[in-house]
Number of protein chains: 2
Amino acid sequence: MASLTDNGALSPMVRKLAAWAALSPEDERAILELPYTVRSFSPGGYIVRDGDKPQNSCVLLSGFAYRHKIVGDGGRQILSIHMKGDLVDLHNSLLHTADHNVQALSQVELACIPHEAVKELAFARPTVGVAMWYDTLVDASIHREWIANVGRRDGRTRTAHLLCEFGVRLETAGLGSTREYDMPMTQEQLSDCTGLTPVHMSRSLKALESEGLVRRTKRAVSIDDWGRLAEAGDFRPDYLHVTMPGIPLL
Amino acid sequence: MASLTDNGALSPMVRKLAAWAALSPEDERAILELPYTVRSFSPGGYIVRDGDKPQNSCVLLSGFAYRHKIVGDGGRQILSIHMKGDLVDLHNSLLHTADHNVQALSQVELACIPHEAVKELAFARPTVGVAMWYDTLVDASIHREWIANVGRRDGRTRTAHLLCEFGVRLETAGLGSTREYDMPMTQEQLSDCTGLTPVHMSRSLKALESEGLVRRTKRAVSIDDWGRLAEAGDFRPDYLHVTMPGIPLL
DNA sequence: CGACGTGTTGAAGGAGCTCAATCTAAGTGG
DNA sequence: CCACTTAGATTGAGCTCCTTCAACACGTCG
């Protein structure tokens, strides 16, 4: 009986993929036996730069990272936030040349796997392949929700939505709960997630706080009444495609 | 020597996937031999509804379709536009339950393939599988550009960007050129792509027209100076991951 | 012909931006 | 331990891009 608590460095990847498909013990072992090298980054360090041609797919082992694009007038748009277990760079490495940047948000540990090895595993073990494919589809689903968030919700709602998403994702990653979590992001970074200015992000957060929807202490967020925050953020978690018993569906 | 001009209904799918990976004649034949049923939709018809559990993956054979979400206050955000050859519904069908709507923009012909058959083919023929995976990654890449577009560009720039994207994609699909194309969308739909109001979309288009960047006659668009429009739209086509000799890289 | 969908135009209001000052907390060096 | 620096957060005031509301124009189709 292979144990899930195998202390291979890639176990966060196993945990993540196991959420998408029923992996056999052999599947899990095959993932853990992938060749990899570990790299670490300090906050702000570039993991991938727009235009790079990366040879590796990366799995986030610890810490947080974000993807972003810089537009013509110098503005930055954050495209997604990544945490432990996320396959950060399947996209870029399979697409040959990166069309956006990936940067460390906190201190980050990364396992880099040659993308040929990822491809081989995907096709040698269809269950693993389906799980990886599924993972990329969930990523795209989150992208779609973000398009709707920045396109059609006002500042306060966008902000609340983002806080809800973080709660659910951190809980599924085992890094917090929908009641309380730590998120090491500045308000400038939050504003770049939502297409707002830092000034307006500050005001939106204060508004949510003064309504009693969130409490903040440093970078920690407490949510006393999930239902009210979800309502304020027009948040329904279905687009995350997680089904955890602990997560209130509104 | 299998011919590419095989008149199987699924040839638009072959054409599309062949752009992403070097398919062998056997690969192409295997795609064309997928089981399918053809369905057609009138403009406005729902192909998939939020919450559905579709059993099929769909390929667009002719016409245009769009994905969209409705947010809490009733606003609509269009997430992507699809044209001949696009694998419209891999996402929804593999994710079990749809998190957005897919609707016909014009008269549409669709080939519906049981998603089990798609999955089997993907793993029986890794080259085809890689092409399909690649296709979903390009889809996600377009989503990321849209996040940046609605999040960090002003109305005029967003609009120009969208017109550029249509030009390139229609040209690669063989439905027009970057000099001139038809796009059967109302200004209300265009505004829902960009997170603007119909009124402001009208003004943005007029502005681009009065600057001589586009000419419009009904739903047809002419672009005399691609470089200037691309500049105005902050458009660089790399995120589309197409490499066609005909497309100016700015 | 009237009705309807679509696009255009004007005027007024507002959500969010810009600019700039102030405040706080956490270093850092002496 | 304190002065100094710096990154981040907050607040205010004025401005602008975009929205809202409403009227009107145009073409199509019953």
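Because the structure is predicted, anything quoted here is derived from the model rather than measured. First the proteins, then the strands, lettered A, B, ... as listed; each starts at 1.
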Does either side chain, that of D154(A) or that of T157(A), offer a donor lying less than 3.5 Å from an acceptor on the other one? yes
Nt span of DNA chain D in reach of chain B heavy atoms at under 4.0 Å, 5' end first, is dC18(D) to dT28(D)
Assert: residue with more 5' nearest nucleotide on DNA chain C, out of L196(A) and K218(A), is L196(A)
Under a 3.5 Å cutoff, is there a donor and acceptor pairing between the side chains of Y239(B) and E145(B)? no
Answer yes or no: is there a donor N or O on one side and an acceptor on the other, between the side chain of E171(B) and the main chain of V168(B), under 3.5 Å? no
Note to self: Under a 3.5 Å cutoff, is there a donor and acceptor pairing between the side chains of R76(A) and H68(A)?
What the structure shows: no
Are a donor atom and an acceptor atom from the side chains of H82(B) and S80(B) found within less than 3.5 Å of each other? yes
Using a heavy-atom cut-off of under 4.0 Å over every strand shown, decide if L205(A) touches base, sugar-phosphate, or nothing. nothing
Counting any heavy atom closer than 4.0 Å, what does G195(A) reach on the DNA or RNA strands: base, sugar-phosphate only, or nothing? sugar-phosphate
dist D139(A):CG -> R144(A):CZ (nearest 0.5 Å) comes out at 10.5 Å
| task | Report yes if some heavy atom in the side chain of T159(A) is under 4.5 Å from a heavy atom in the side chain of L196(A); otherwise report no. | result | yes
| Parallel, tilted or perpendicular: which fits the ring planes of H161(A) and F235(A), with parallel below 30° and perpendicular above 60°? | perpendicular
First and last nt of DNA chain C near chain A, cut-off under 4.0 Å to heavy atoms, 5' to 3', are dG16(C) to dA26(C)
Exam field: side chain E180(A) to backbone T178(A), donor-acceptor pair closer than 3.5 Å: no
Per the under-4.0 Å heavy-atom filter, residues of residues 151-167 of chain B near DNA chain D come out as D154(B), G155(B)
From the list R156(B), R158(B), R153(B), salt bridge (Lys or Arg N to Asp or Glu O under 4.0 Å) with D234(B) holds only for R153(B)
